[in-house]
There are 2 protein chains.
Amino acid sequence: MPRSPNPRRRATLASLAAELKVSRTTISNAYNRPDQLSADLRERVLAAAKEMGYAGPDPVARSLRTRKAGAFGLIITESLNYSFRDPAALDFVAGLAESCEEAGQGLLLVAAGPNRSVEEGAAAVLSAGVDGFVVYAASDDDPYLAVVQQRGVPIVIVDQPKDIQGASRVCIDDRAAMREIAEYVVGLGHREIGLLTMRLGRHWPHGDAQSAVADPERLTSQHFHVQCERILGVRDAMAGAGLNPDALTVVETYEHLPSSGGSAAAVALQANPRITALMCTADVLALSAMDHLRSRGIYVPGQMTVTGFDGVPEALARGLTTVAQPSLEKGRRAGYLLNNPPRSGIPAIEVLDTELVRGRTSGPPA
Amino acid sequence: MPRSPNPRRRATLASLAAELKVSRTTISNAYNRPDQLSADLRERVLAAAKEMGYAGPDPVARSLRTRKAGAFGLIITESLNYSFRDPAALDFVAGLAESCEEAGQGLLLVAAGPNRSVEEGAAAVLSAGVDGFVVYAASDDDPYLAVVQQRGVPIVIVDQPKDIQGASRVCIDDRAAMREIAEYVVGLGHREIGLLTMRLGRHWPHGDAQSAVADPERLTSQHFHVQCERILGVRDAMAGAGLNPDALTVVETYEHLPSSGGSAAAVALQANPRITALMCTADVLALSAMDHLRSRGIYVPGQMTVTGFDGVPEALARGLTTVAQPSLEKGRRAGYLLNNPPRSGIPAIEVLDTELVRGRTSGPPA
DNA sequence: TTGTAAGCGTTATCAG
DNA sequence: CTGATAACGCTTACAA
């Protein structure tokens, strides 16, 4: 009958060494450098460990000593419940998890979502035992950014914000990509265009309304850089075709609900009934908008052109005209950058390619 | 101009104390117990910290001292790339993340997927700085189970396996739930039934074939307990109705691909062309099977009844007859159990409710 | 092959 | 409100 693995206090490397009358080094070596001691002695150590209920070197103590945590932290400011429902965000997380796994690093989801106070979130960031952080799609004025920087570990920003001191970044050229698809839409002959976008800023001045027309001031004053860039891309295309960019009807939707796209579409068509093309800054908006249009008997693309952004599987399956972006690869690259920081010490900026997908939801205006 | 925050070596609590000529305790208190020193002194400490580039107490050292890591580990043996594509698994992760966030705990995805060797995975488990583990849907013979147990931290098992020493568990009654839906199908008059199931064991004896009929021996010898229980549930229903359970055509599919259900359906219909009902142990299988049937011109439910399991949104949207299980709640409960271990010290077993959803994919046989 | 000694950076305790 | 002391459990030169 083995001795009860229930010593008065938890077994440690030191207690094991004492028990076996060898040095702590030897125990440590038994686990970390098997070649540094005789196989025989190692067996004895492991056997004694089992008997005393010693689980092997304490990970935290080891981390303290080696200055390596064996994990990277992921900071997503949006609620996880939303992020996990957005296929693009999910692909990103999957890609990141994949490259972390490959490198033997864990991936820590830091408890810094919108459900907690900034203080609590900051505490979580400060107490995360990680070797680096990935910040996903934070707004320029995100309160956690400063806290993350304070930690003094490597940081990789994904998508936004730009210009964080010392942080590498993985992104796409949102403005150019959106300009390309907008040029395509304009080229089809559309002149009255509606643009449905996710939130542009962390604060929402429209109370309970799910969606609202974004006035020009809001377009330039806000902090979700990616959305703003995409809007600018559409304006670029319009200006390039001799249209007045200010004629673009921009509708912003605040919460990320399954019905957001439909709600925003309704607002856009109400604001400008002559719209013949609804462009969206995300596929999920476009898909929802299409459902809404169908319920109103508006035929796509005959009566209305609809475009998206992201290239998520469902959108491609439904033939949406959209911009495909490599979300999975974004995650992989982010993980890679964290594991292999640029030798120069100069932060890297990786701009990944996008591709215009001409689907079945776009055509000339009626 | 502030003094360069680039000291020869990283600032620590001790170096800050030396600089300010106060004790380490005082610095520690400045961060952890602001009420234990004068606001004035605290200001000075924080200012000096900023100047010296001190980011606050090192999380790892704090963990070592307090014996709290501030995170729970999640072990998913399936590839994350798959898990993140299965809505039920995803709901579970979302629920778990939610309850962790609520408790201010991080959630560490442990690098122990199928892409790494067991040794590497075991090392990851042993070096994860966590206060407890959640093990999601592991097979009975999963090699990481022993390693997780060795860690000596609280464990919550989700779904399977059963009977892990000292671990709490959150699950549903798979057998009863499947029996209920099978009784419904049998009650509709079906006698020739095919059952499509996910893999039953970690090893696959059929080479490159995506799906294959599972012989009786495999049904009883394998280790994915949940799938096996669901099969038993169907057999229970058949036996209860006076049918011979051995007449059930069970088709197992090994990889979790989007086309798996279709492939398995083809195998089932080939093995027994008289089948009038295809039951599936997962909605994703059923949806794929339906696509396959449509491509063959087989009408559902007129010519074939199809049922699923899980109640994922897409299945409900498509009117699939299925069993809805509370995946999100599973995650929440798992997190809750880890944060609030049963006072008695006796592991808890929580069996959550399921609900039969009679959809539009089931009807009497032709 | 094994042992010695010096940290890693923090917090708990208890006395002042 | 402040400080001295003693852990927390481990790794790693370097010496034997």
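Each chain gets a letter, A, B and so on, in the order its sequence line appears, and its residues count up from 1. We use all heavy atoms of the structure for the numbers below, so side chains are in, but hydrogens, waters and symmetry mates are not.
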Short side-chain to backbone donor-acceptor contact, [X] and [Y], under 3.5 Å:
X       : Y      : value
N29(A)  : Q36(A) : no
S15(A)  : A11(A) : no
D131(B) : K68(B) : no

Neighbours of DNA chain D within residues 25-40 of chain A, by heavy-atom distance under 4.0 Å: T25(A), S28(A), N32(A), R33(A)
Give the rounded distance in Å between these two atoms: [atom1] of [X] and [atom2] of [N].
X      : N       : atom1 : atom2 : answer
L13(A) : dT2(C)  : CG    : P     : 15 Å
M52(A) : dG9(D)  : CE    : P     : 13 Å
L16(B) : dT11(C) : CG    : C1'   : 16 Å
R62(B) : dA7(D)  : CZ    : C1'   : 17 Å
K68(A) : dC8(C)  : NZ    : C1'   : 13 Å
Y54(B) : dC8(C)  : OH    : P     : 14 Å
R67(A) : dT12(D) : CZ    : P     : 13 Å

Under the salt bridge (charged side-chain N to carboxylate O under 4.0 Å, His left out) test, residues paired with R44(A) that sit two or more places apart: none
With R24(A) via salt bridge (charged side-chain N to carboxylate O under 4.0 Å, His left out) - residues at least two apart: none
Under 4.0 angstrom between S23(B) side-chain N/O and dG3(D) OP1 or OP2: yes
Pairs meeting criterion ring-ring contact (aromatic ring centres under 6.0 Å, His included) with involvement of residues 38-65 of chain B, two or more places apart: Y31(B)-Y54(B)
Pairs satisfying ring-ring contact (aromatic ring centres under 6.0 Å, His included), at least one member in residues 108-152 of chain B, at least two apart: F92(B)-Y136(B)
Distances under 3.5 Å between nitrogen or oxygen atoms of protein and nucleotides 14-16 of chain C:
none

Within 6.0 angstrom of F84(B) CZ, more than 12 heavy atoms from elsewhere: yes
Nearest-neighbour nucleotide for the L64(B) side chain, dC8(D), dT11(C), dC10(D) considered: dC8(D)
Check against side chain to side chain donor-acceptor pair (under 3.5 Å), N339(A) and Q105(A): CA-CA 9 Å; N339(A) 279 300; Q105(A) 292 281 107; 4.8 Å; no
Heavy-atom donor-acceptor pair, R65(A) side-chain to dG9(D) base, under 3.5 Å: no
Touch class at under 4.0 angstrom, heavy-atom based, for V60(A) against every strand present: nothing
Sugar-phosphate only, base, or nothing, as touched by R24(B) at under 4.0 Å among non-hydrogen atoms: base
